[in-house]
A.B. asks: 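Right, I'll just put the structure down here and ask away after.
Nothing fancy with the numbering, it's 1 onward along the sequence.
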Amino acid sequence: FDVSYLSSIPGVTIYSPATYKELKAVIKKRLKNPKGVCAIRYPRGAEKPINCKEVTDYKGFSEFSSSDISIITYGILTANAVDAMNALKNDGINVSVIKLDTVYPLPKGFIEALKEKKAVYFFEEGMKKGGIGEEFAATLLENGYKGSCRIFAVDSEFVAHASVARQMERYSLSAEKMIEIIEVYVKTNVKT
């Protein structure tokens, strides 16, 4: 529920580092410039390595690879998204991953970077209602986006106790589920 309720606070900035290294960088950044209210989501549990170049400059967002189909996420889901991107690439499907460093407000230039994408898939480990995925989709539409946009998150329920891996699978947030979702899109929308 954190992102949903925190984003309603006027002037708040929400960070969601994907790794411990990024967590350290954002804490240092905020200690040097403590203006305004901020929340820092931390990568809880064992850190899963991200199998591509990590970016820690906190410009707001980073894009890994380049494609007109993008997976957008933040925090610990970044590793799953990159694993899905790499597996899809091995199967001949080019997908980019866009990692939000600053979850809220949406980073400057973020919407502009997506306007020409054919399909965007937003994966969020939080509530769909009031989440950043919903805000992102509404902002895209307001800016004339014509492509396909889907959001995968927890949909209006309390999450039952289970392992993290089981929860990722249940809510389509695992690398395997991301791969499945993108493959369905490609099969139904790409002409051969």
Side-chain angles (χ1 to χ4, degrees), residues 1-9 12-27 38-52 54-56 58 60-64 69-88 95-107 110 114 119-140 149-182:
F1 299 101
D2 61 328
V3 173
S4 298
Y5 73 77
L6 287 169
S7 62
S8 68
I9 298 170
V12 73
T13 301
I14 304 171
Y15 299 95
S16 190
T19 64
Y20 299 142
K21 182 178 177 183
E22 289 180 353
L23 176 63
K24 187 176 180 179
V26 77
I27 289 171
C38 89
I40 302 171
R41 302 180 85 239
Y42 60 94
R44 192 174 76 181
E47 180 182 66
K48 185 176 176 185
I50 297 174
N51 297 317
C52 67
E54 290 184 49
V55 178
T56 58
Y58 280 86
F61 68 96
S62 304
E63 184 167 11
F64 306 112
I69 303 170
S70 290
I71 296 171
I72 302 166
T73 195
Y74 56 87
I76 64 170
L77 290 182
T78 303
N80 293 354
V82 170
D83 287 348
M85 175 188 75
N86 291 334
L88 287 162
V95 175
S96 69
V97 170
I98 298 175
K99 174 178 77 77
L100 293 174
D101 300 322
T102 304
V103 178
Y104 188 86
L106 291 173
F110 179 58
L114 300 171
V120 291
Y121 293 87
F122 201 102
F123 293 89
E124 183 168 18
E125 61 154 342
M127 298 305 291
K128 187 174 188 178
K129 186 177 177 92
I132 298 307
E134 265 192 356
E135 172 144 344
F136 154 77
T139 305
L140 263 183
C149 178
R150 300 265 325 266
I151 302 167
F152 296 87
V154 179
D155 201 5
S156 301
E157 67 184 38
F158 286 102
V159 176
H161 181 73
S163 69
V164 173
R166 173 69 187 112
Q167 299 295 16
M168 294 290 181
E169 193 69 21
R170 178 176 182 193
Y171 295 105
S172 298
L173 304 175
S174 67
E176 294 75 21
K177 287 290 187 181
M178 292 178 187
I179 292 165
E180 214 174 277
I181 289 162
I182 302 295

A.B. asks: Kindly compute the distance separating CD1 (I181) from CG (L173), expressed to the nearest 0.5 Å.
C.D. replies: 8.5 Å
A.B. asks: Between G131 and S4, what is the shortest heavy-atom contact and its length?
C.D. replies: N-OG, 3.8 Å
A.B. asks: Return the CD1 to CD distance between I40 and E22, rounded to the nearest 0.5 Å.
C.D. replies: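 So the CD1 of I40 and the CD of E22 are separated by 12.5 Å.
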A.B. asks: Testing the basics here: between S16 and V103, what is the closest heavy-atom pair and its distance to 0.1 Å?
C.D. replies: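 Of all heavy-atom pairs spanning S16 and V103, the closest is CB-CG2, 3.4 Å.
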A.B. asks: Roughly how far apart are N86 CG and I179 CD1, rounded to 0.5 Å?
C.D. replies: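 Rounded to the nearest 0.5 Å, the CG-CD1 separation comes out at 9.5 Å.
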A.B. asks: Do any pairs count as a side chain to side chain donor-acceptor pair (under 3.5 Å) and have a residue in residues 69-79, sequence neighbours left out, and if so which ones?
C.D. replies: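 Of all non-adjacent pairs touching residues 69-79, those that pass side chain to side chain donor-acceptor pair (under 3.5 Å) are S70-S96, S70-K117, Y74-E124.
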A.B. asks: Apply the test side chain to side chain contact (heavy atoms under 4.5 Å, CB included) to residues Y15 and L23: give CA-CA distance (whole Å), side-chain angles for both, the deciding distance (0.1 Å), then the verdict.
C.D. replies: CA-CA 9 Å; Y15 299 95; L23 176 63; over 6 Å; no
A.B. asks: If you look at every heavy atom in A175 and A84, which pair is closest and at what distance?
C.D. replies: O-CB, 3.8 Å
A.B. asks: Roughly how far, to the nearest 0.5 Å, is CD1 of I76 from CZ of R41?
C.D. replies: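 R41 atom CZ to I76 atom CD1 measures 8.0 Å (nearest 0.5 Å).
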A.B. asks: Quick one: do I132 and L106 satisfy side chain to side chain contact (heavy atoms under 4.5 Å, CB included)? Show the steps, please.
C.D. replies: CA-CA 8 Å; I132 298 307; L106 291 173; 3.9 Å; yes
A.B. asks: Report the distance from atom NZ of K129 to atom CG of D155, rounding to the nearest 0.5 Å.
C.D. replies: 9.5 Å
A.B. asks: Taking the side chain as every heavy atom from C-beta outward, state whether F110 and T139 have any pair of such atoms under 4.5 Å apart.
C.D. replies: no
A.B. asks: About how many Å separate CD of E135 and CD1 of I151, when rounded to the nearest 0.5 Å?
C.D. replies: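 The CD1 atom of I151 sits 11.0 Å away from the CD atom of E135.
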A.B. asks: Does some side-chain heavy atom of V120 sit less than 4.5 Å from a side-chain heavy atom of I98?
C.D. replies: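 In short, these two side chains do not touch, never coming nearer than 4.5 Å.
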A.B. asks: Just wondering, do F136 and L114 contact through their side chains at under 4.5 Å, heavy atoms?
C.D. replies: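 Heavy-atom side-chain distance check passes, below 4.5 Å.
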A.B. asks: Can you say whether the rings of F123 and F152 are parallel (under 30°), tilted (30 to 60°) or perpendicular (over 60°)?
C.D. replies: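 Correct class here is parallel.
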A.B. asks: Is the shortest heavy-atom distance from the side chain of L6 to the side chain of Y104 under 4.5 Å?
C.D. replies: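 Result no, sub-4.5 Å side-chain heavy-atom pair not found.
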A.B. asks: How far apart are the closest heavy atoms of A81 and V97, and which atoms are they?
C.D. replies: O-CG2, 3.4 Å
A.B. asks: If we only count heavy atoms from C-beta on, is the L88 to M178 side-chain gap below 4.5 Å?
C.D. replies: no
A.B. asks: My understanding is that only one of C38, S7, P105 makes a side chain to side chain contact (heavy atoms under 4.5 Å, CB included) with I14; could you say which?
C.D. replies: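 The option that passes is S7.
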